[in-house]
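Owing to the predicted nature of the structure, the values given are computational and were not obtained by experimental measurement. The sequence lines fix the lettering, A, B, ..., with proteins before strands; numbering per chain opens at 1.
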2 protein chains.
Amino acid sequence: MTEREALAAALELIGQRWALLIVRELLDGAKRFGDLQRALGAPTNILATRLKELTAAGVIHRVPMAHNVLAYRLTDRGGALKDAIDALGAWGAAVERDGAATGS
Amino acid sequence: MTEREALAAALELIGQRWALLIVRELLDGAKRFGDLQRALGAPTNILATRLKELTAAGVIHRVPMAHNVLAYRLTDRGGALKDAIDALGAWGAAVERDGAATGS
DNA sequence: CAGCATCCCGATCGATACTG
DNA sequence: CAGTATCGATCGGGATGCTG
């Protein structure tokens with residue numbers, strides 16, 4: 001019963017545009033703002049917004065690298081999204097293979 | 001490389017608001033428009049839009065039940081989303097258990 | 001240059017009213 | 001019951017500016 005609410009809550013957090021892509025990008029290590037921006041092609045203002053939201057949600061956290069240099073790294077909670085990301089990615093790949101409009 | 005694109009493609013289809021919730025609702029059998037509307041609390045116009053998009057994407061399809069009665073059922077492609085939905089739901093449930101702002 | 005904040009516009013969301 | 005039409009609110013995104 002809470003099962004539907006759990007999915008809805010998850011989607012409110014990481015259903016926002018770019019959010020899951022950001023997490024996916026961080027799965028292979030911490031990255032900086034500019035790295036994410038170039039890798040994803042997302043607008044900088046939205047990227048900043050998402051990073052703030054994901055930080056507040058405890059999915060990622062800011063880690064200072066050096067003087068005036070900081071990076072974003074996944075928390076344990078963020079890493080736990082790997083399964084979901086893989087599942088969605090596999091589904092997307094399957095859809096691309098079959099073409100866009102092939103159903104049952 | 002195509003891995004990121006696959007996820008992005010998947011999100012373009014089912015990353016829209018209500019889309020994944022609709023699919024989840026249909027996992028336990030075909031349902032009608034009003035059933036979905038009441039179960040999800042989604043506005044009727046958006047629900048209609050999503051159902052059209054999901055149909056076009058081959059995720060669900062319209063099945064006539066009786067005279068003037070039709071339902072929506074998942075296609076094979078739609079059912080393949082179960083893994084992703086379960087993973088996201090499990091993640092959301094874990095987040096709810098721990099509280100909203102507990103990170104690493 | 002990296003990391004944001006601001007302004008503005010178009011697209012999307014959402015509540016409600018309306019139609020077959 | 002199964003949608004469509006309308007309209008205000010919100011969000012995404014491009015450009016730009018500001019700061020360290």
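- No engagement by A/Leu47 is indicated, since no non-hydrogen atom pair under 4.0 Å with the nucleic acid exists.
- Across the protein-nucleic acid pair, A/Leu51 atom CG and C/dG3 atom P stand 10 Å apart, rounded to whole Å.
- Using a 4.5 Å heavy-atom cutoff, the side chains of A/Arg73 and A/Leu26 are not in contact.
- Here A/Arg50 reaches the OP1 or OP2 of D/dG12: one of its side-chain N or O atoms lies under 4.0 Å away.
- The nearest heavy atom of DNA chain D to B/Arg38 and to B/Ala48 marks one nucleotide each, and the one closer to the 5' end goes with B/Arg38.
- More than 12 heavy atoms of other residues, nucleotides or ligands shown are found within 6.0 angstrom of NZ on A/Lys31.
- Between the CZ atom of B/Arg62 and the P atom of D/dA2 there is a distance of 10 Å, rounded to whole Å.
- One atom, CG of A/Asp35, and another, P of C/dC4, lie 13 Å apart when rounded to the nearest Å.
- Contact of B/Thr44 with D/dT4 (side chain to base): a donor-acceptor pair of N or O atoms is detected under 3.5 Å.
- Follow the hydrophobic side-chain contacts under 4.5 Å out from B/Phe33 and you never reach B/Val63; the two are in separate clusters.
- Between B/His67 atom NE2 and C/dG20 atom P the separation is 17 Å, expressed in whole Å.
- The side chain of B/Tyr72 contributes an N or O atom lying less than 4.0 Å from OP1 or OP2 of D/dG3.
- Of the side-chain N and O atoms in B/Arg17, none sit less than 4.0 angstrom from OP1 or OP2 of C/dT12.
- Between the CD atom of B/Glu12 and the C1' atom of D/dG12 there is a distance of 14 Å, given to the nearest Å.
- One can find a donor-acceptor pair under 3.5 Å joining the base of D/dG14 and the side-chain atoms of A/Asn45.
- In this model, the phosphate group of C/dG14 is approached by a side-chain N or O of B/Trp18 to a distance below 4.0 Å at OP1 or OP2.
- B/Ile46 has its CD1 atom 17 Å from the P atom of D/dT6, to the nearest Å.
- Dashed line: the shortest gap from a side-chain N or O of B/Gln37 to OP1 or OP2 of D/dG3 is not under 4.0 Å.
- For the pair A/Arg38/A/Asp35, a side-chain contact is recorded, criterion being any heavy-atom separation below 4.5 Å from C-beta on.
- At whole-Å resolution of the value, CD in A/Glu53 and P in C/dA5 are 12 Å apart.
- A side-chain donor from one of B/Tyr72 and B/Arg62 sits under 3.5 Å from a side-chain acceptor of the other.
- For C/dA5, the OP1/OP2 oxygens have a side-chain nitrogen or oxygen of A/Lys52 closer than 4.0 Å.
- Here D/dG20 presents its C1' atom at 6 Å from CG of A/Asn68, a figure rounded to the nearest Å.
- Under 4.0 angstrom from either OP1 or OP2 of C/dA2 there lies no side-chain N or O belonging to A/Arg32.
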